[in-house]
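What you see is a predicted model; the values in this text were computed from it and never measured. The analysis underlying the following values was restricted to heavy atoms, covering all of them including side chains, and did not include hydrogens, waters or symmetry mates.
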Amino acid sequence: MDTLRLVPRLLPVAAASLALLLTPAAGALAQAKYPSRMIEVVVPYAPCGGTDNLMRMITGIIDENKWSPVPINVNNRAGGGGAVGFTYLINKKGDAYVVAGATPMIVSGRIEGRLSGNHRDAMTILMIVAIDELMLSVRNESPFKTIDDFVNAARAKPGQLTVGGTATNTEDHIFTFLFEQAAKIKVKYVPFNSGGEVTAALMGGHIDAAVENPNEIVAQIEAGKARNLAVAARKRLADAPDVPTFAEKGYEFYWEQMRGVVGPANMAPEAVAWWQDTLRKVTATKKWQEQYIKRNLLTPTAWTGEEANKYLDGLTKKYEDALIGLGAVKK
């Protein structure tokens, strides 16, 4: 009888003891080391473009060095000039297992109303890894041997020469608009879904010239099938000293494209730390420095946190002015 009376009193004690025994294991499961499952890397553009090349280089280096204990799968979610892929990322708020290759669309998309947020409120900037210069390129068979040849022909035939670029109201479109203003010409801008499609159209003779990132046209340049007429940089590129700047030829404008990796808003701190540490290791490799940065004529960076956000803040006014000029947004 006395033993039976003790049982109800012992039950709470036993339950509490059991809870204490289980708590460490439960806590360990809840705070599993990142990453613990497959990571999706979103490319918001079609294959073979600049962002696709970037993310496949990064994930390739990570795989080669076995720096990730889980698979990292690249997934092209193209459409809307990047809006489809970036919207997908934005809707993954708090999900540390989705990241994306970043372009200035993370700034301009909100200005245009194509994205619901930007780098400050809808995304986590993991790292800006490079600055990509923009060029005007032609096929080797093109009658335009210099940038002056192209400008003179455009002035003689207003609105008839075609210039291809990735999407509408994006970096390539703005580049073309600024070039038109600087050179006092009018061309026909032709949008494509990715830099890979732009290059294919150029090499197929379907457009007269193309707005290219060096990494999108480098193979054709090396093969002697294409040439770069001018670059929208402030000085000639060290690894392409024969390519003049637009400004030195009298067409003064400058335009660049950042390249980076972003996650959704509210990304877990341990995930941010893992990605930033891993990206630092990636950008320190010989393969990155020689096969990506040097070969593609890029300026290397390693901007994170507030430094990266402030750089992107500085792009906002530039994009607002350019998009107003294109009629994409109102004053």
Distance-only criterion, 3.5 Å: show the donor-acceptor pairs between side-chain atoms of residues 191-198 and protein atoms not counting sequence neighbours.
from   : atom 1 : to     : atom 2 : distance (Å)
Ser194 : OG     : Gly196 : N      : 3.3
Ser194 : OG     : Glu197 : N      : 3.2
Glu197 : OE1    : Asn193 : N      : 3.2

Does Lys225 have any side chain to side chain donor-acceptor pair (under 3.5 Å) partners at least two apart in sequence or in another chain, and if so, which?
-> none

Under the 4.5 Å side-chain heavy-atom rule for ILVMFWY, direct or indirect, which residues accompany Val231?
-> Met135, Leu237, Val243, Leu297

4.5 Å side-chain heavy-atom contact, Leu202 and Glu212 = yes

Taking only residues two or more places apart in sequence or in another chain, which ones pass side chain to side chain donor-acceptor pair (under 3.5 Å) with Glu256?
-> Tyr311

Mind checking what makes salt bridge (charged side-chain N to carboxylate O under 4.0 Å, His left out) contact with Asp121, not counting sequence neighbours?
-> Arg110

With Tyr88, which residues qualify under ring-ring contact (aromatic ring centres under 6.0 Å, His included), at least two apart?
-> none

Is Lys92 paired with Glu40 through a side-chain N to carboxylate O contact shorter than 4.0 Å?
-> no

More than 12 foreign heavy atoms under 6.0 Å from NZ of Lys281: is that the case here?
-> yes

Sequence neighbours excluded, which residues qualify as side-chain contact (heavy atoms from CB on, under 4.5 Å) partners of Asn140?
-> Arg227

With Asp277 via side chain to side chain donor-acceptor pair (under 3.5 Å) - residues at least two apart | none

Of all residues at least two apart in sequence or in a different chain, which pass the salt bridge (charged side-chain N to carboxylate O under 4.0 Å, His left out) check with Asp321?
-> Lys317

Pairing residues for Arg120 by the side chain to side chain donor-acceptor pair (under 3.5 Å) criterion, not counting sequence neighbours | Glu306, Asp313

May I have the list of side-chain donor-acceptor pairs in residues 217-224 shorter than 3.5 Å, sequence neighbours left out?
from   : atom 1 : to     : atom 2 : distance (Å)
Glu222 : OE1    : Arg295 : NH2    : 2.9
Glu222 : OE2    : Arg295 : NE     : 3.4

Test ring-ring contact (aromatic ring centres under 6.0 Å, His included) applied to Phe253 - qualifying residues, sequence neighbours left out | Phe175, Phe246

